[in-house]
2 protein chains.
Amino acid sequence: MTVGREDGPVRPRLGRAPSTTHAEISHVALTLFMERGFDQTTIDDIAREAGIGRRTLFRYFPSKNDLPWGDFDTLLGRMRAHLSGMPDDVPMMEQLRIAILEFNRVPEEEWPYHRRRMDLLLHVPTLLAHSTLRYASWRQVVAEHVARRLELPEHDLIPQTMAWTCLGVCLAAYEQWLDDGSAQLLDLLDEAFRLIDERIDTKVVQAHRGAQG
Amino acid sequence: MTVGREDGPVRPRLGRAPSTTHAEISHVALTLFMERGFDQTTIDDIAREAGIGRRTLFRYFPSKNDLPWGDFDTLLGRMRAHLSGMPDDVPMMEQLRIAILEFNRVPEEEWPYHRRRMDLLLHVPTLLAHSTLRYASWRQVVAEHVARRLELPEHDLIPQTMAWTCLGVCLAAYEQWLDDGSAQLLDLLDEAFRLIDERIDTKVVQAHRGAQG
DNA sequence: GATACTAATGACACTCAGTGCCGTTGGGAA
DNA sequence: TTCCCAACGGCACTGAGTGTCATTAGTATC
């Protein structure tokens, strides 16, 4: 999952100016996590290194687990908008593939951080667990779209399973990316989706018709 | 996911006898969680109610999040054995369906607790997050089996995606079960797997051949 | 330039989860 | 009865996360 854009340069008109940014703190944290490990790094370490107070850090991030994630919700909103704005004549799985690839596009200057980030998120147990909450929102977006396209209720088995499958495909591709230092993330994701693509589309449409007929 | 069997009546030959059981503590905790909510219940509350020391509770369960789960690892080992002992002439998806249904069979006296348990595990954010770690082991068992059947490496995209899909199917069925008070869990699971069943089997075999050819 | 307003900051104290340490308890065996 | 040993439970400690509040540093107004 792509994470970690930054707060725009929007100046508040009133009050004291923020002394730091989400990205700055996140980068400091990622560096420390990679150096000493997640569990061996305390919130105080991060706050000290970032030159801010402990209490301030908790105003930027609700928990230690959220530090590696950036502004996920904004990206998710963008994906929802992207999906719902797509023309209906594009096959559903292709819509999903395109939107998910776009979601996982990361600006080049974030690349080195992104790899560390995902390595942590997928391999540190605490973070792996916490990720579920983010994935749930992500799945929701996928399920919504599938449900709309197939004219099924959101909680129906088909959209739900489809969302899980998409998540699985993404995470499998991410694991490959982390293993194989040389490959491009978007290539792996694209390949993975194309491999599963048509078969799932067929499957879902069949299953849908089967359920109706 | 099925959880919550109990420690056998095996007497230790030496040392002081245990003063309680996993099930007893788990049941006390579940009751309190349902009464006041998970976050509003402290470890001290549970220990006091169970009549044991706080320190003792942490010897039975490594964390508060583990309280609703019973002896999951034992059940998982049973499922692994079940799968690997199945004859090869049974179609793969049917093997999975049978093993997963069996995994989710719960002794009747546990039924009322099981519903509370799963309601908590699927709807309390902390627990939902923690569940991921259990699901990861569960997915691993499924992926292993699929990989063996299709003669693919475990980390390959197909077994991994298949495992995610199976998990998704189970969780979707569990959600339906919790919503619809009257339905039987195993019926819903069975129905869900039969619905997705053949299409996935076809899909995976096609994908597998496609990847090879 | 002084004053008023406002939002970000950081210090402090507190709760609670989880851990290490260690003396105590109680059941079975000698 | 005595010895052995595992389970127990008290205590102190670390670290995450929260509520409160005075302080700081910007902007707008006079």
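Computed from a prediction, not measured in an experiment: that's the story for all the values here. Throughout, a chain's letter reflects where its sequence line sits, starting with A, and its residues are numbered from 1.
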Here the distance between atom C1' of D:dG15 and atom CZ of A:F33, to the nearest Å, is 13 Å
The ring-ring contact (aromatic ring centres under 6.0 Å, His included) partners of B:F58 (sequence neighbours excluded) come to none
Q.
Please tell me if A:Y60 has a side-chain N or O lying less than 4.0 Å from either OP1 or OP2 of C:dT9.
A. yes
Handout entry: Side chains of B:M79 and B:E102 in contact at under 4.5 Å (non-hydrogen atoms)
Key = no
Which of A:M118, A:R117, A:H114 passes side chain to side chain contact (heavy atoms under 4.5 Å, CB included) with A:V106? It is A:H114
When rounded to whole Å, the NE2 to P distance for the pair B:H22 and D:dA7 reads 11 Å
Taken in chain and number order and not counting sequence neighbours, the residues that satisfy salt bridge (Lys or Arg N to Asp or Glu O under 4.0 Å) with A:D66 are A:R134
Separation of D:dG9 atom P from B:R59 atom CZ, nearest Å, is 9 Å
A:L57 CG to D:dA16 P, in whole Å, measures 10 Å
Residue set satisfying ring-ring contact (aromatic ring centres under 6.0 Å, His included) with B:W164, at least two apart, ordered chain then number -> none
Rounded to whole Å, CZ of A:F58 lies from P of D:dT20 at a distance of 17 Å
Between CD1 of B:I25 and C1' of D:dC8 the distance, given in whole Å, is 12 Å
Quick one: do B:D119 and B:R115 make a salt bridge, cutoff under 4.0 Å? no
Here the residues of residues 41-56 of chain B within 4.0 Å heavy-atom distance, strictly under, of DNA chain D are B:I52, B:G53, B:R55, B:T56
key: Any side-chain donor near an acceptor of the partner, B:E154 and B:Q140, under 3.5 Å   = yes
A:D39 atom CG is separated from C:dG18 atom P, nearest whole Å, by 13 Å
Requested in this report: Give a yes/no answer on whether the side chain of A:S19 brings an N or O atom under 4.0 Å of OP1 or OP2 in C:dA8.
Outcome: no
Under 3.5 Å, side-chain donor or acceptor atoms of residues 181-189 of chain B against the rest of the protein: list the pairs with distances, not counting sequence neighbours.
unit_1: B:S182; atom_1: OG; unit_2: B:D180; atom_2: OD1; d: 2.8

Rounded to whole Å, NE2 of A:H130 lies from C1' of D:dA16 at a distance of 13 Å
Point to revise | Cationic N near anionic O, under 4.0 Å, B:D45 to B:R48 | key: yes
Please enumerate all protein N or O atoms sitting under 3.5 Å from an N or O of nucleotides 23-27 of chain C, with distances to 0.1 Å.
unit_1: C:dT25; atom_1: O2; unit_2: B:R16; atom_2: NH1; d: 3.1
unit_1: C:dG26; atom_1: N2; unit_2: B:R16; atom_2: N; d: 3.1

